[in-house]
Amino acid sequence: MKALRDGELRLRPWLPEDLHELVEAANDPEIGRWMPAIPHPYLRGDGEAYIRRSAGREGAFAIVHEERLVGGIAVSARKWKRAEVGYWVRADSRGRGIGSRALSLAAEWGFAHGYRRLQLHADVENLASQRVAEKAGFRREGVLRAWIEQNGVPRDHVMYSRLESDR
C-alpha cells in the first residue's frame, strides 16, 4: 500500500517499529475516554496484535508527521460502497490540524477505492473530534441515541458523512 502525503504529513502502513510509540500514545486518557474499542490501559500485547492485524490491510494507516508517529486512522469497508472511518491523534499533536488533514487524505483514498459514502461518529461531548470531521468536509447528519455503551452507560454519538459527490 502506497503512502499518502500532505506536505510533512503521511499516512502509511503500520510497521513493527511503531510498537513503542503506539503503546505510549494509546495510553492517553482522552483516547480511553472517547474510544471504548481501544483497551485502556493499552498494553504491549494490544499494540502487537493491532499492528499484526493491520499489516497489509487496505485502509489501515499510521499517521506520521515530520517523521514521528502521531496517530492512526482506518477506513473500514461496510456494505453498499460505504465505509466507516475511525481516527485518533496523540495528545501532544492535537490542535494543529493534523487530524483533519489525515482525515481528508483518508477520504480521498476511500473515494479512489470505490466508496461512495464515508461515515464516522463521535461522542456528543467530543467536540474536538467533531471539529476534525467538519474541517475535513464531513457533514453532521444527526445524533445516534444510545449508540455505544461505555463503562456500562449508553452514550449518544453524532453521525457525520462525506459523499463522493461532496468533493
Side-chain angles (χ1 to χ4, degrees), residues 1-78 83-110 112-113 115 118-123 125-136 138 147-153 155 157-158 160 162:
M1 181 169 51
K2 184 179 154 191
L4 309 172
R5 285 192 173 277
D6 174 2
E8 289 295 313
L9 181 74
R10 282 187 308 138
L11 303 187
R12 62 150 171 81
W14 286 94
L15 304 171
E17 306 86 85
D18 295 328
L19 180 61
H20 176 74
E21 286 187 279
L22 169 60
V23 171
E24 179 185 293
N27 274 300
D28 171 8
E30 287 297 298
I31 291 174
R33 177 179 180 196
W34 301 122
M35 301 185 79
I38 295 179
H40 199 75
Y42 196 84
L43 305 175
R44 180 180 175 86
D46 298 318
E48 290 169 339
Y50 181 77
I51 290 172
R52 195 171 39 256
R53 280 192 316 271
S54 298
R57 184 181 142 227
E58 287 280 311
F61 301 100
I63 303 171
V64 178
H65 185 255
E66 297 176 348
E67 299 309 315
R68 180 172 177 247
L69 178 74
V70 296
I73 191 163
V75 180
S76 302
R78 299 291 185 255
E84 185 89 18
V85 184
Y87 51 87
W88 59 270
V89 174
R90 66 184 304 144
D92 60 4
S93 295
R94 293 184 193 131
R96 298 169 42 199
I98 290 171
S100 56
R101 288 169 57 201
L103 183 54
S104 291
L105 283 172
E108 290 306 316
W109 180 91
H113 282 77
Y115 298 112
L118 300 177
Q119 62 189 39
L120 62 89
H121 55 87
D123 190 287
E125 294 180 11
N126 189 347
L127 301 179
S129 187
Q130 293 176 48
R131 280 191 300 275
V132 165
E134 291 165 0
K135 286 180 182 177
F138 282 70
W147 183 248
I148 291 180
E149 189 172 294
Q150 190 166 351
N151 299 324
V153 178
R155 301 285 306 165
H157 275 227
V158 180
Y160 284 88
R162 184 169 162 191

From CA spacing to verdict: salt bridge (Lys or Arg N to Asp or Glu O under 4.0 Å), Glu30, Arg94: CA-CA 11 Å; Glu30 287 297 298; Arg94 293 184 193 131; 5.6 Å; no
Flag if over 12 foreign heavy atoms under 6.0 Å of [atom1], [X]:
{"X": "His113", "atom1": "NE2", "result": "yes"}
{"X": "Arg44", "atom1": "CZ", "result": "no"}
{"X": "Trp147", "atom1": "CH2", "result": "no"}

Derivation and outcome, salt bridge (Lys or Arg N to Asp or Glu O under 4.0 Å), residues Glu8 and Arg68: CA-CA 10 Å; Glu8 289 295 313; Arg68 180 172 177 247; over 6 Å; no
Is there a side-chain contact between [X] and [Y] in this structure, where contact means two heavy atoms from C-beta onward sitting under 4.5 Å apart?
{"X": "Leu118", "Y": "Phe138", "answer": "yes"}
{"X": "Val89", "Y": "Val132", "answer": "no"}
{"X": "Lys135", "Y": "Arg101", "answer": "no"}
{"X": "His157", "Y": "Ile148", "answer": "yes"}
{"X": "Val85", "Y": "Tyr160", "answer": "no"}

For [X] versus [Y], what's the shortest heavy-atom pair and its separation?
{"X": "Leu103", "Y": "Ala133", "result": "CD2-CA, 3.7 Å"}
{"X": "Val70", "Y": "Ser93", "result": "CG1-OG, 3.3 Å"}
{"X": "Ala62", "Y": "Pro13", "result": "CB-O, 4.4 Å"}

Passing candidate, ring pair (Phe, Tyr, Trp, His ring centres under 6.0 Å) with Phe61, options Trp109, Trp88, Tyr87: Trp109
Residue that, paired with Glu48, satisfies side-chain contact (heavy atoms from CB on, under 4.5 Å) out of Leu43, Leu19, Val23: Leu19
Are any side-chain N or O atoms of [X] and backbone N or O atoms of [Y], one a donor and one an acceptor, separated by less than 3.5 Å?
{"X": "Arg162", "Y": "Ala107", "answer": "no"}
{"X": "Arg155", "Y": "Asp123", "answer": "no"}
{"X": "Arg12", "Y": "Val64", "answer": "no"}
{"X": "Asp28", "Y": "Ala25", "answer": "no"}
{"X": "Asn151", "Y": "Val153", "answer": "no"}

When rounded to the nearest 0.5 angstrom, what distance separates [atom1] in [X] from [atom2] in [Y]?
{"X": "Glu125", "Y": "Gln130", "atom1": "CD", "atom2": "CD", "value": "10.0 Å"}
{"X": "Ser104", "Y": "Leu4", "atom1": "OG", "atom2": "CG", "value": "11.5 Å"}
{"X": "Ile51", "Y": "Glu17", "atom1": "CD1", "atom2": "CD", "value": "8.5 Å"}
{"X": "Ser76", "Y": "Tyr115", "atom1": "OG", "atom2": "OH", "value": "8.0 Å"}
{"X": "Gln150", "Y": "Met35", "atom1": "CD", "atom2": "CE", "value": "10.5 Å"}
{"X": "Asp18", "Y": "Glu24", "atom1": "CG", "atom2": "CD", "value": "12.5 Å"}

Stepwise side-chain contact (heavy atoms from CB on, under 4.5 Å) test for Leu22 and Tyr42: CA-CA 9 Å; Leu22 169 60; Tyr42 196 84; 3.8 Å; yes
